[in-house]
Amino acid sequence: MAKDKEFVKEITPQSQDFSQWYLDVIRKADLADYAPVRGCIVFKPDGYELWERCQAGLDRRFKATGHRNAYFPLFIPESLLLKEVEHVEGFNPELPWVTEAGGEKLTERLAVRPTSETVIGEMYHRWVQSYRDLPILINQWANVVRWEKRTLPFLRTTEFLWQEGHTAHRTEAEAREEVMRMLDVYRDFIETDLAIPVIPGRKSESEKFAGAVETYSIEGLMKDGKALQAGTSHFLGQNFSHVFDIQFLDDDGQRKYVWTTSWGMSTRVIGATIMVHGDDRGLVLPPRVAPLQVVVVPILKKGQDDVLTRAQAIADGLRGVARVRLDDRAEYSPGWKFNDWEMRGVPLRVEIGPKDLEKNQAVIARRDTGEKLFVSLEGLDATVSNLLETIQKEMYERAKAFMAGSTRQAETFEQLADIIENQRGFVRAGWCGDAACEAEIKEQTKATIRNIPLELPKQGPGRCVKCGHEAKHEVLFARAY
RNA sequence: CGGGGUGUAGCGCAGCUUGGUUAGCGCGCCUGCCUUGGGAGCAGGAGGUCGCGAGUUCAAAUCUCGCCACUCCGACCA
């Protein structure tokens with residue numbers, strides 16, 4: 001361990017200060033920088049490409065489930081926002097307002113959107129007439145603004161990038177089905193592409209989205225034992241359709257209100273990727289989303305000019321199976337490059353030196369395990385391709401094992417409090433469903449109900465960990481970001 | 001928004017207590033030589049509104065006040 005520290009300077013060890021480690025990694029891996037506006041970050045190319053790959057993975061799944069992209073305006077007139085009472089109350093404290101433009105005071109002030117249910121509700125009101133107009137399955141890629149008190153790069157920034165799906169349906173059953181379908185799309189994306197295991201479940205009343213009937217979430221567990229909500233899917237019932245008067249004439253001749261849903265995932269998942277997979281050497285990226293998957297480092301020796309040529313050819317040969325870069329910079333030593341690319345989380349490093357060429361082999365180093373392999377240059381592309389898949393799979397398995405090992409059961413409040421205080425992680429426990437018990441637990445342990453897992457407990461929910469009455473649910477407690 | 005910490009070169013810091021004339025150090029950066037299998041070496045060089053604004057003083061990085069930003073801890077949240 002002491003040796004690791006020598007190689008990777010300027011990254012605080014996780015065990016010493018996880019928050020500082022997180023910020024160090026973002027800086028050293030060149031993902032983002034602070035912007036001149038409070039709480040805002042600049043996505044640097046590697047950070048932005050991570051987001052682009054998340055976008056691609058999600059967008060493909062949205063299209064496959066019948067959704068299309070559209071774009072709604074950044075500004076929301078106050079009058080629209082005021083229509084849904086719970087919704088406004090939820091978001092009001094964090095809204096930025098435009099009150100003046102073109103040198104004049106506006107007749108109606110405009111909120112910079114914190115989310116788009118209201119504008120979209122207004123538009124759906126105009127677009128829906130008949131049951132034949134339904135369902136409307138629209139997604140928007142956008143930036144939104146929430147003036148949060150406390151910000152943290154990727155996890156909670158004043159302005160953030162996300163996607164928000166907004167759908168309108170003819171029946172309640174269809175809308176509910178959509179909510180669960182999209183929750184599962186999120187689960188599939190984050191587990192498959194980002195190698196992050198999550199627990200899908202329903203939010204408690206106190207934690208649900210402002211204006212929703214029900215909110216579902218996927219919850220991940222970071223390496224410091226804190227939970228992170230990585231995506232949400234809301235069943236909005238007819239709340240917004242009543243407020244925005246979204247009605248249609250059904251085939252039975254009756255006018256009916258539509259049932260709506262909304263669901264979102266943000267650039268927060270980049271933060272999750274960092275905190276689930278990263279280590280004391282820096283970032284560890286899942287191959288599927290890594291901007292660069294393989295770096296080829298030639299070991300240049302004096303009088304061995306063919307090494308560079310061969311390394312170039314080998315890098316070119318790998319381009320068919322991976323995103324590859326040849327690091328032929330003469331000004332850095334191989335050791336320096338090793339550390340640099342490890343900090344940036346590149347999944348595989350291929351070393352090509354004179355000794356390797358003699359033996360017709362290459363040295364491959366895995367970023368996730370640190371393992372070094374001596375492999376033949378014959379069929380190198382297949383080897384690399386297989387390794388990338390293996391890494392993707394094993395990163396998920398390791399994260400899953402970590403989550404399983406950090407998930408504990410509590411029968412009593414004392415157990416719950418003890419686990420939260422001393423071990424962190426997830427705690428499964430019974431809950432009577434009373435908001436008062438939930439609030440007391442939060443106050444005393446700082447742990448919240450992350451969600452009520454969809455997967456039911458094997459032996460029934462038991463007793464409420466707080467009041468001891470019969471439990472309605474088994475829920476997942478954790479301290480969270 | 002409440003409480004603590006920090007702000008001096010791209011990054012990390014010293015100097016501030018006890019004001020003083022040319023503001024230092026390490027890394028990084030530039031040029032050259034030499035090197036390259038886990039952050040090499042030598043030589044030369046560039047780079048500063050000391051976060052911003054007032055004030056005290058003959059004199060402010062240093063003292064006082066205000067503001068801003070970042071960060072940690074709380075309440076709010078993707």
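Just so it is clear: chains get the letters A, B, ... in the order the sequence lines come, proteins before strands, and each one is counted from 1. Because the structure is predicted, anything quoted here is derived from the model rather than measured.
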Scan residues 436-449 of chain A for pairs that pass salt bridge (Lys or Arg N to Asp or Glu O under 4.0 Å), counting only residues two or more places apart or in two chains.
A:Glu440-A:Lys466
I'd like a list of close polar pairs between nucleotides 47-53 of chain B and the protein, N/O only, cut-off under 3.5 Å.
none

Identify each donor-acceptor pair in which a side-chain atom of residues 343-356 of chain A lies under 3.5 Å from a protein atom, sequence neighbours left out, and give them as a table.
unit_1   : atom_1 : unit_2   : atom_2 : d
A:Arg344 : NE     : A:Asp340 : OD2    : 3.4
A:Arg349 : NE     : A:Glu351 : OE2    : 3.1
A:Arg349 : NH1    : A:Glu342 : OE2    : 3.0
A:Arg349 : NH2    : A:Glu351 : OE2    : 3.0
A:Glu351 : OE2    : A:Lys372 : NZ     : 3.3
A:Asp356 : OD1    : A:Gln361 : NE2    : 3.0
A:Asp356 : OD2    : A:Gly353 : N      : 2.8

Hey, can you pull the donor-acceptor pairs under 3.5 Å for the side chains in residues 292-311 of chain A, sequence neighbours left out?
unit_1   : atom_1 : unit_2   : atom_2 : d
A:Gln293 : OE1    : A:Arg323 : N      : 2.7
A:Gln293 : NE2    : A:Pro287 : O      : 3.0

Not counting sequence neighbours, which residues clear ring-ring contact (aromatic ring centres under 6.0 Å, His included) with A:Phe75? List them please.
none
Can you name the residues that form a side-chain contact (heavy atoms from CB on, under 4.5 Å) with A:Arg187, not counting sequence neighbours?
A:Asp184, A:Glu191, A:Val198, A:Pro200, A:Ile218
Just to be sure I understand the rule, does A:Ser217 reach a base, reach only the sugar-phosphate, or reach nothing, if contact means heavy atoms closer than 4.0 Å?
nothing
Base, sugar-phosphate or nothing for A:Pro354? Non-hydrogen atoms, less than 4.0 Å.
base
Neighbours of RNA chain B within residues 32-65 of chain A, by heavy-atom distance under 4.0 Å
A:Tyr34, A:Arg38, A:Gly39
Does a nitrogen or oxygen in the side chain of A:Lys302 sit under 4.0 Å from OP1 or OP2 of B:U35?
yes
With both distances kept under 3.5 Å, what pairs with B:G53, Watson-Crick or G-U wobble?
B:C65
Classify A:Ser262 by what it touches in the nucleic acid, base, sugar-phosphate, or nothing, heavy-atom distance under 4.0 Å.
nothing
Could you pull out all donor-acceptor pairs under 3.5 Å where a side-chain atom in residues 152-159 of chain A meets a protein atom, sequence neighbours excluded?
unit_1   : atom_1 : unit_2   : atom_2 : d
A:Thr157 : OG1    : A:Glu159 : O      : 2.8
A:Thr158 : OG1    : A:Arg38  : O      : 3.1
A:Glu159 : OE2    : A:Asn143 : ND2    : 2.8

Could you go over nucleotides 75-77 of chain B and give all protein N or O partners under 3.5 Å, atom names and distances?
unit_1 : atom_1 : unit_2   : atom_2 : d
B:C76  : OP2    : A:Lys442 : NZ     : 3.4
B:C76  : O2     : A:Glu148 : OE1    : 3.3
B:C77  : O2'    : A:Glu148 : OE2    : 2.7
B:C77  : O2     : A:Arg156 : NE     : 2.4
B:C77  : N3     : A:Arg156 : NE     : 3.2
B:C77  : N3     : A:Arg156 : NH2    : 3.0

Classify every nucleotide of nucleotides 6-11 of chain B by which part a protein heavy atom approaches to under 4.0 Å, writing B for the base, S for the sugar-phosphate alone and - for neither, in 5'-to-3' order.
-----S
Reckon A:Arg349 touches a base, only the sugar-phosphate, or nothing at all at heavy-atom distances under 4.0 Å?
base
Under 4.0 angstrom, heavy atoms only, what part of the nucleic acid is A:Asp17 near: base, sugar-phosphate, or nothing?
nothing
Restricting both atoms to N or O, compile the protein contacts to nucleotides 29-33 of chain B shorter than 3.5 Å, with distance only.
unit_1 : atom_1 : unit_2   : atom_2 : d
B:C29  : OP1    : A:Tyr332 : OH     : 2.8

Please list, chain by chain and in numerical order, all residues satisfying ring-ring contact (aromatic ring centres under 6.0 Å, His included) with A:Tyr396, sequence neighbours excluded.
none
